[in-house]
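Just so you know, these numbers use all the heavy atoms, side chains as well, and skip hydrogens, waters and symmetry mates.
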Amino acid sequence: MARPNEEVAAVLQEYADLVAITGGDAFKARAYEKAARAVGGHPADVSTLDLDGLRGIPNVGRSIAEKVIEYLRTGRVAAFEETRASVPPGVRELLTIPTLGPRKALALYEELRVSSVDELLDAIHRERLRGLKGFGEKTEQNILHGIELLRKAGGRILLSAAADAAERIVADLAGIEGCEDCAVAGSLRRMRETIGDVDVLVAAARAEPFMEAVSTLPYTAEVIARGPKKTSVRTLDGLQVDLRVLPPDAWGAGLLYFTGSKAHNIRVREIAVRHGLKLSEYGLFRVKSGRKVVSRTEEEIYGRLGLPWIPPTLREDRGEIAAGLADGLPELVTEDDIRGDLHTHTDLTDGLAPLEDMVAAAAGRGYAYYAVTDHAPDLAMQRMTREKALAQRDRLRALEGKYGRMRLLHGTELNIGPDGEVDWPDDFLAGFDLCVASVHSHFKQSREELTRRLVRACENPYVAIIGHPTTRLIGKRPPIDADFDAVFAACARTGTALEINAHPERLDLGDEEILRARRHGVKFAVNTDAHSVTHLPYLRFGVGTAQRGWLTKDDVINAWPLQRLRRFLRPAAG
DNA sequence: GCCGTTTTCGGCCCGACTGTTTTCAGTCG
């Protein structure tokens with residue numbers, strides 16, 4: 001149920017993979033990959049563009065533009081079909097295993113006829129990889145480890161994908177006559193970092209029209225179960241969606257029940273029992289008489305139990321009930337509190353959009369300030385130089401004042417090297433408004449080395465924010481093994497903020513680390529690390545994660561007014 | 001296949017690491 005841009009990007013990426021797997025021209029594969037990325041990050045809906053419009057997208061030339069049009073018109077690209085037919089789909093699946101690229105996938109297929117992850121596991125267990133050229137013992141271990149990592153994600157999908165799907169369904173169902181309310185519940189409403197299945201609730205007197213609608217939506221691939229109260233479907237993307245229709249009078253009780261978490265619900269029910277009440281998805285009832293007390297809204301139910309309304313992002317049984325009873329719930333930071341993004345890229349390095357487009361999009365979001373932080377030279381592939389950075393600064397300064405009161409900050413994302421050193425010397429760093437510093441390589445250093453490395457970065461007076469601190473990629477790469485309590489302590493001591501990277505694949509720091517870091521007295525920055533204008537709205541996933549870490553706007557430096565932020569970024573400069 | 005041009009070809013992000021080799025291919029950021 002991807003939007004047209006994502007759908008087209010996926011088709012182009014598939015072809016790029018196929019070209020690589022079949023040993024085709026590596027530059028051609030690369031060209032398709034670049035085009036896929038550009039289409040995915042393009043702000044305009046590709047299905048509304050003509051040939052010239054498509055060719056206006058960077059890295060999309062005549063040939064690809066024509067194929068995109070063909071795809072949008074017919075749902076397929078004739079030129080891709082032959083290559084597609086020559087490689088079983090499962091071979092491409094092998095590429096999702098970290099450390100396994102197209103060359104190895106091809107060797108496995110050609111030599112052993114392996115064409116799925118399961119077949120690969122089987123081949124390894126039967127020691128069929130032994131003796132295969134280029135596959136030693138370590139390779140085997142790495143593949144097994146990679147598969148384990150994949151399996152751990154266990155069919156759960158990224159928050160952003162679930163949110164896209166859910167919002168489309170909610171919009172479609174809300175338009176049906178008789179719909180009094182429609183909302184997502186479950187782990188998506190709680191903004192967990194991955195989502196198993198999507199729970200959608202509707203309040204309506206008659207359930208049938210909604211059961212029928214969800215079963216026949218254009219993006220519904222399969223009806224798994226259909227009953228009077230609940231229908232489960234699988235979308236074209238393979239996502240399971242459970243729809244439940246509630247009587248409007250039981251809306252609050254149903255929303256509470258289906259939002260969870262299970263552990264939170266158990267705690268709430270325990271309180272109900274102590275009040276001589278019982279709570280179900282139908283309402284709050286007196287135990288003795290069975291009479292209903294309240295059920296219409298969540299506020300009423302919590303209120304009757306002596307609790308304030310508890311934000312869904314806190315409902316994990318991490319002390320929110322006790323805090324609520326003691327009137328001690330945090331006033332959580334909200335998306336509206338965020339005054340600016342402090343970690344973003346442009347096409348000067350690996351971003352997709354020019355500086356001017358990114359700044360214009362930021363202004364459109366109503367920010368009070370906005371930082372551009374392209375990569376520094378130590379990430380060699382980005383080819384950054386002092387001259388380029390300074391030229392960008394001039395361009396940025398020239399935009400200052402063009403967007404009302406939005407102030408522009410010129411920053412950089414430094415690379416934290418193996419010993420904790422960063423790209424540029426102090427005198428050059430002093431010229432930036434802020435420096436984010438992040439780990440991009442050498443993930444497998446020892447715990448001591450990694451810890452020392454991050455602590456050293458914190459101690460650099462010019463480093464204001466540690467970017468994506470654990471470097472994990474959800475379902476792809478585990479967090480680095482550092483002593484993060486030592487890092488958090490160093491952040492608190494040196495006045496260095498920890499990033500909450502809002503990219504749905506990262507969400508780094510995650511909620512648990514935020515809770516730990518917070519106890520050290522650390523400040524945070526919720527940033528998107530946007531590489532295109534379409535990434536700027538990812539902020540909400542970062543804010544959701546911050547909320548799950550119990551953060552208030554005082555904990556988040558980019559919820560502060562500019563003056564206070566500047567003092568934090570550059571204490572030396574006053 | 002895209003792009004830019006000192007345009008219609010020749011380059012394409014560069015370097016490091018890992019594991020497999022014994023000089024290099026594959027993968028990653």
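- B:dT22 sits 22 Å from B:dC17 when the P atoms are compared, rounded to a whole Å.
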Going by atom type alone, with no hydrogens or angles, which donor-acceptor pairs under 3.5 Å involve a side-chain atom of residues 90-104 of chain A and a protein atom two or more places apart or on another chain?
from: A:R92; atom 1: NE; to: A:D17; atom 2: OD2; distance (Å): 3.0
from: A:R92; atom 1: NH2; to: A:D17; atom 2: OD2; distance (Å): 3.3
from: A:T96; atom 1: OG1; to: A:E93; atom 2: O; distance (Å): 2.6

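- Here the separation of B:dT7 from B:dG11, taken at their P atoms, is 14 Å to the nearest Å.
- Nucleotides B:dT20 and B:dA25 place their P atoms 16 Å apart, quoted to the nearest Å.
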Anything under 3.5 Å between a donor and an acceptor, one on a side chain of residues 479-502 of chain A, the other on a protein residue two or more places apart or in another chain? List them.
from: A:D481; atom 1: OD1; to: A:R447; atom 2: NH1; distance (Å): 2.7
from: A:D483; atom 1: OD1; to: A:D485; atom 2: N; distance (Å): 3.3
from: A:D483; atom 1: OD1; to: A:A486; atom 2: N; distance (Å): 3.3
from: A:D485; atom 1: OD1; to: A:H520; atom 2: NE2; distance (Å): 3.0
from: A:D485; atom 1: OD2; to: A:R516; atom 2: NH2; distance (Å): 3.1
from: A:R493; atom 1: NH2; to: A:E459; atom 2: OE2; distance (Å): 3.3
from: A:T494; atom 1: OG1; to: A:C458; atom 2: O; distance (Å): 3.4
from: A:T494; atom 1: OG1; to: A:A490; atom 2: O; distance (Å): 2.8
from: A:T494; atom 1: OG1; to: A:T496; atom 2: OG1; distance (Å): 2.7
from: A:T496; atom 1: OG1; to: A:C458; atom 2: O; distance (Å): 3.1
from: A:E499; atom 1: OE1; to: A:H343; atom 2: ND1; distance (Å): 3.4
from: A:E499; atom 1: OE1; to: A:H468; atom 2: N; distance (Å): 2.8
from: A:E499; atom 1: OE1; to: A:N501; atom 2: ND2; distance (Å): 3.0
from: A:E499; atom 1: OE2; to: A:H343; atom 2: ND1; distance (Å): 2.7
from: A:E499; atom 1: OE2; to: A:N527; atom 2: ND2; distance (Å): 2.9
from: A:N501; atom 1: OD1; to: A:H503; atom 2: N; distance (Å): 3.1
from: A:N501; atom 1: ND2; to: A:D529; atom 2: OD2; distance (Å): 3.1

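- Under the rule for a salt bridge (charged side-chain N to carboxylate O under 4.0 Å, His left out), the partners of A:E167 that lie at least two apart in sequence or sit in another chain are A:R540.
- The phosphate of B:dA16 has neither OP1 nor OP2 within less than 4.0 Å of any side-chain N or O from A:H442.
- Atoms CG (A:L54) and C1' (B:dG1) sit 15 Å apart, rounded to a whole Å.
- Nucleotide B:dC3 holds its P atom 5 Å from the CG atom of A:N59, rounded to whole Å.
- Taking atom CG of residue A:N415 and atom P of nucleotide B:dA16, one finds them 12 Å apart after rounding to whole Å.
- Looking at heavy atoms from C-beta onward, A:L454 lies in side-chain contact with A:I416 at the 4.5 angstrom threshold.
- For the P atoms, the distance linking B:dC9 with B:dA16 amounts to 36 Å, nearest Å.
- One P atom belongs to B:dC13, the other to B:dG19, and the distance between them is 27 Å to the nearest Å.
- Between A:A35 and A:K444, the residue anchored nearer the 5' end of DNA chain B, judged by the nucleotide with its closest heavy atom, is A:A35.
- Among all heavy-atom pairs drawn from A:Q392 and A:D374, the shortest one is NE2-OD2, 2.8 Å.
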Considering only nitrogen or oxygen atoms on both sides, find all protein atoms under 3.5 Å from nucleotides 7-10 of chain B and state each distance.
none

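- Looking at heavy atoms from C-beta onward, A:R84 lies in side-chain contact with A:L18 at the 4.5 angstrom threshold.
- The separation of B:dT8 from B:dG15, taken at their P atoms, amounts to 28 Å, rounded to a whole angstrom.
- To the nearest angstrom, P of B:dC13 lies 18 Å from NE2 of A:H345.
- The ring-ring contact (aromatic ring centres under 6.0 Å, His included) contacts involving residues 31-64 of chain A comprise A:Y15-A:Y32, A:Y32-A:F80, where partners must be two or more places apart or lie in separate chains.
- Judged by distance alone, the side chain of A:T471 and the main-chain N or O of A:H440 form no donor-acceptor pair under 3.5 Å.
- Qualifying ring-ring contact (aromatic ring centres under 6.0 Å, His included) partners for A:Y370, counting only residues two or more places apart in sequence or in other chains: none.
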Table please: side-chain donor-acceptor pairs of residues 53-62 of chain A below 3.5 Å, with sequence neighbours left out.
from: A:R62; atom 1: NH1; to: A:E66; atom 2: OE2; distance (Å): 3.4

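- Taking the six-membered ring wherever Trp is involved, the centroid distance between the rings of A:F432 and A:W424 falls below 6.0 Å.
- Applying the salt bridge (charged side-chain N to carboxylate O under 4.0 Å, His left out) test to A:E70 and every residue at least two apart in sequence or in another chain returns nothing.
- One C1' atom belongs to B:dT18, the other to B:dT23, and the distance between them is 15 Å to the nearest Å.
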Between A:S116 and A:D118, does the side-chain hydrogen bond (donor to acceptor under 3.5 Å, both in side chains) criterion hold? Intermediate values first, please.
CA-CA 5 Å; A:S116 72; A:D118 283 332; 5.3 Å; no

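- Between A:K34 atom NZ and B:dG11 atom C1' the separation is 10 Å, expressed in whole Å.
- Residues of residues 19-33 of chain A that place a heavy atom closer than 4.0 Å to DNA chain B, in numerical order, are A:D25, A:F27, A:K28, A:R30, A:A31, A:Y32.
- Contact check for A:I557 versus A:I465: side-chain heavy atoms found under the 4.5 Å cut-off.
- Residues passing the side chain to side chain donor-acceptor pair (under 3.5 Å) test with A:T545, sequence neighbours excluded: none.
- Across all strands shown, B:dT8 has no partner, as no Watson-Crick or G-U wobble contact with both distances under 3.5 Å is found.
- Within residues 76-87 of chain A, no residue is approached by DNA chain B to less than 4.0 Å at the level of any non-hydrogen atom.
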How does protein reach along nucleotides 19-29 of chain B, written 5' to 3' as B (base within reach of a heavy atom under 4.0 Å), S (only sugar-phosphate), or - (no contact)?
SSS----SSSB

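- Rounded to whole angstrom, the span from the CG atom of A:D350 across to the C1' atom of B:dC12 amounts to 17 Å.
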